[in-house]
Amino acid sequence: MIETVLLIVLVCVALALIGLVLIQQGKGADAGASFGGGASQTVFGSAGTGNFLTKSSWLLAGVFFVVCLGLAYIARDKAAGGELSFDAPDVQVEQAVETDVPQYQEEAEPVSDVPAAPAVEAADAPVESAPVE
């Protein structure tokens, strides 16, 4: 239940943070605004935008990180079964299981599906003669 609430809060905060970052003007826009660049017609006035939006962004970023840490803590508890321990893990020894099923044993010679060629004796072998120049 709390995980679902935190996920909904995380998505809402992320969308609000994206919107606030997109609304903000860059640092270079302040120089033009001081010479009458049209910033006096904004909602917050010529000086109030940066301060309000910057503080709101910092606040939402902090909430975003806290919610992410909370979700990570919940995920760790679910994965560990609810217990938190920093002790060394127990060593588990595998034991051989005795069974009536015969086990695979390697053979001495590798078996091939390809038939072997018949052996040719030296007396029966054809003699090839090469032309002599």
Side-chain angles (χ1 to χ4, degrees):
M1 175 66 186
I2 189 76
E3 184 180 10
T4 306
V5 171
L6 285 177
L7 281 172
I8 292 171
V9 168
L10 183 74
V11 170
C12 292
V13 168
L15 291 174
L17 189 60
I18 290 170
L20 275 177
V21 168
L22 289 176
I23 288 174
Q24 292 181 21
Q25 295 178 350
K27 295 230 180 224
D30 292 338
S34 63
F35 295 111
S40 60
Q41 296 177 358
T42 59
V43 175
F44 299 104
S46 62
T49 14
N51 197 12
F52 174 74
L53 292 178
T54 304
K55 287 184 180 181
S56 300
S57 297
W58 279 106
L59 178 71
L60 283 177
V63 171
F64 183 83
F65 286 123
V66 168
V67 171
C68 284
L69 287 174
L71 284 171
Y73 182 77
I74 291 172
R76 186 189 65 189
D77 279 349
K78 278 187 174 181
E83 60 186 48
L84 178 62
S85 174
F86 293 105
D87 297 334
D90 295 334
V91 178
Q92 296 180 358
V93 179
E94 293 184 20
Q95 297 178 355
V97 178
E98 295 183 23
T99 178
D100 294 335
V101 179
Q103 301 295 317
Y104 174 75
Q105 296 177 357
E106 293 186 25
E107 297 178 9
E109 291 184 25
V111 178
S112 175
D113 291 338
V114 179
V120 178
E121 295 181 15
D124 296 339
V127 177
E128 295 181 22
S129 60
V132 178
E133 291 183 30

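Being a predicted model, the structure only gives us computed values, none of them experimental. Computed from heavy atoms alone, side chains included, the values below leave out hydrogens, waters and symmetry copies.
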Evaluate the side-chain proximity of Ile74 to Ile2: yes if any heavy-atom separation is below 4.5 Å, no if none is.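 With C-beta onward as the side chain, the pair touches.
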
same_hphob_cluster(Val66, Ile8) at 4.5 Å side-chain heavy-atom cutoff: no

Same apolar cluster (I L V M F W Y, side chains within < 4.5 Å links), Phe65/Leu15: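 Shared cluster, no.
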
Which distance, rounded to the nearest 0.5 Å, do you find between the [atom1] of [X] and the [atom2] of [Y]?
{"X": "Leu60", "Y": "Ile18", "atom1": "CG", "atom2": "CD1", "result": "11.0 Å"}
{"X": "Met1", "Y": "Leu6", "atom1": "CE", "atom2": "CG", "result": "10.5 Å"}
{"X": "Phe52", "Y": "Gln24", "atom1": "CZ", "atom2": "CD", "result": "10.5 Å"}
{"X": "Leu17", "Y": "Leu59", "atom1": "CG", "atom2": "CG", "result": "10.0 Å"}

